[in-house]
Amino acid sequence: THDTLREENATLRRVVRSMQSSLESQACTVQRLERQLKASLAKEEREAQELQSFVQRMEWSLQLMTQRALEAESNVEKLKQEIFILQGELESSKVENENLRAGQTTDLGAVKHNINFALQNLHKIITGANWSIRQLVSGAESLHFVAEVLQSTGKISEV
């Protein structure tokens with residue numbers, strides 16, 4: 001019985017050592033996993049902050065582009081009004097020109113001056129309208145880009 005007890009005791013010591021070794025190994029694994037979890041959480045926090053910053057920059061850009069688009073639309077509207085006025089002056093000059101051709105006496109210099117003035121203003125308005133249209137197109141392209149970025153950001157945040 002004494003030898004049996006020694007063998008049992010030796011077996012139990014081996015089991016205890018094995019369990020202690022396993023426990024130490026598991027404790028190391030837990031510590032490693034805790035460090036990895038902390039690092040992962042810190043990384044996710046940084047990514048969330050970066051994403052938030054990115055979204056704020058995109059919102060600001062969107063507001064700026066919207067403001068530019070509204071200004072361009074306002075300019076286009078003003079230019080349309082100027083074009084309408086100049087078209088009226090042009091029609092008046094055409095009528096005057098027709099009257100001259102019909103033999104009515106009118107100051108040819110004044111008519112020529114009015115026509116040149118109307119043409120100069122019309123060219124200015126056309127140039128301004130072209131510029132405003134380019135700004136509108138650029139603003140629309142920028143808004144489209146921002147929409148794509150925000151859509152991509154939404155997909156990234158879902159992932």
Side-chain angles (χ1 to χ4, degrees), residues 1-94 114-159:
T1 60
H2 187 57
D3 287 339
T4 307
L5 287 175
R6 278 188 186 172
E7 284 180 27
E8 257 183 61
N9 203 6
T11 304
L12 289 174
R13 283 186 184 136
R14 281 192 301 272
V15 170
V16 167
R17 280 189 211 119
S18 173
M19 286 183 169
Q20 283 176 338
S21 174
S22 175
L23 186 59
E24 288 172 2
S25 173
Q26 289 175 355
C28 288
T29 302
V30 166
Q31 288 175 349
R32 181 179 49 82
L33 290 174
E34 284 176 345
R35 284 191 305 270
Q36 286 177 348
L37 180 61
K38 286 179 185 177
S40 177
L41 289 174
K43 181 181 177 185
E44 285 182 17
E45 179 66 26
R46 281 192 312 273
E47 288 174 352
Q49 288 173 351
E50 289 173 0
L51 187 59
Q52 181 66 27
S53 174
F54 177 74
V55 168
Q56 287 174 347
R57 286 193 310 268
M58 285 301 109
E59 287 174 348
W60 180 79
S61 294
L62 182 60
Q63 288 174 351
L64 184 62
M65 286 184 257
T66 301
Q67 181 182 1
R68 286 181 181 169
L70 291 173
E71 288 173 0
E73 287 177 3
S74 173
N75 286 339
V76 167
E77 197 57 41
K78 288 177 187 175
L79 292 172
K80 283 181 181 179
Q81 290 173 357
E82 287 183 36
I83 287 173
F84 181 75
I85 291 169
L86 288 176
Q87 283 175 338
E89 289 179 9
L90 183 61
E91 286 300 317
S92 172
S93 296
K94 284 181 181 178
N114 287 342
I115 290 173
N116 286 336
F117 178 75
L119 285 174
Q120 287 173 354
N121 285 333
L122 188 59
H123 284 295
K124 286 179 187 176
I125 289 173
I126 289 170
T127 302
N130 284 335
W131 179 79
S132 293
I133 289 169
R134 277 190 231 111
Q135 272 196 321
L136 277 174
V137 168
S138 174
E141 289 171 352
S142 296
L143 287 172
H144 181 68
F145 171 74
V146 168
E148 288 178 358
V149 168
L150 290 175
Q151 186 178 19
S152 297
T153 302
K155 289 179 183 176
I156 290 171
S157 66
E158 288 175 10
V159 171

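In this chain, residues are counted from 1 in sequence order. Quick caveat, the model's predicted, so the values are computed rather than measured.
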Q: Might you work through the salt bridge (Lys or Arg N to Asp or Glu O under 4.0 Å) test for Glu71 and Arg68, ending with a clear yes or no?
A: CA-CA 5 Å; Glu71 288 173 0; Arg68 286 181 181 169; over 6 Å; no
Q) Roughly how far apart are Glu77 CD and Ser132 OG, rounded to 0.5 Å? A) 11.0 Å
Q) Counting distance only, does the side-chain N/O of Thr11 pair as donor-acceptor with the main-chain N or O of Glu7 below 3.5 Å? A) yes
Q) When you measure from the side chain of Ser138 to the backbone N and O of Arg134, does any donor-acceptor pair fall under 3.5 Å? A) no
**Q.** Minimum heavy-atom distance Val146-Met65, with the two atoms named
**A.** CG2-CE, 3.0 Å
Q.
Is the shortest side-chain heavy-atom distance between Gln36 and Ser40 below 4.5 Å?
A. no
Q. CZ of Arg6: more than 12 outside heavy atoms within 6.0 angstrom?
A. no
**Q.** Whether Ser74 side chain and Leu70 backbone form a donor-acceptor pair below 3.5 Å
**A.** no
Q: Report the distance from atom CD of Glu91 to atom CG of Leu86, rounding to the nearest 0.5 Å.
A: 12.0 Å
Q.
We want to know whether Gln49 and Glu45 form a side-chain donor-acceptor pair, criterion being a heavy-atom distance below 3.5 angstrom.
A. yes
Q: Measure the CZ-CD distance between Phe54 and Glu47 for me, rounded to the nearest 0.5 Å.
A: 14.0 Å
Q) Sub-3.5 Å donor-acceptor pair from the side chain of Ser61 to the main-chain atoms of Arg57, do we have one? A) yes
Q. Measuring from Leu79:CG to Trp131:CH2, what's the distance to the nearest 0.5 Å?
A. 9.0 Å
Q) Ignoring hydrogens and geometry, is there a side-chain-to-backbone donor-acceptor pair from Thr66 to Leu62 under 3.5 Å? A) yes
Q) Taking atom OG of Ser21 and atom CZ of Arg17, what is their separation to the nearest 0.5 Å? A) 11.5 Å
(Q) Can you confirm whether Glu141 sits close enough to His144 that some side-chain heavy atom of one is under 4.5 Å from a side-chain heavy atom of the other? (A) no
(Q) Quick one: does any side-chain atom of Thr127 pair with a main-chain N or O of His123 as donor and acceptor, under 3.5 Å? (A) yes
Q | Pairwise side-chain contact, Glu89 with Phe117, heavy-atom cut-off 4.5 Å (strictly under) | A | yes
Q) Hey, what do you get for CG (Leu122) to CG (Leu90), rounding to the nearest 0.5 Å? A) 6.5 Å
Q. Checking Ser92 side chain against Gly88 main chain: does a donor-acceptor pair fall under 3.5 Å?
A. no
Q | Side-chain touch Glu73/Leu136, heavy atoms, less than 4.5 angstrom | A | yes
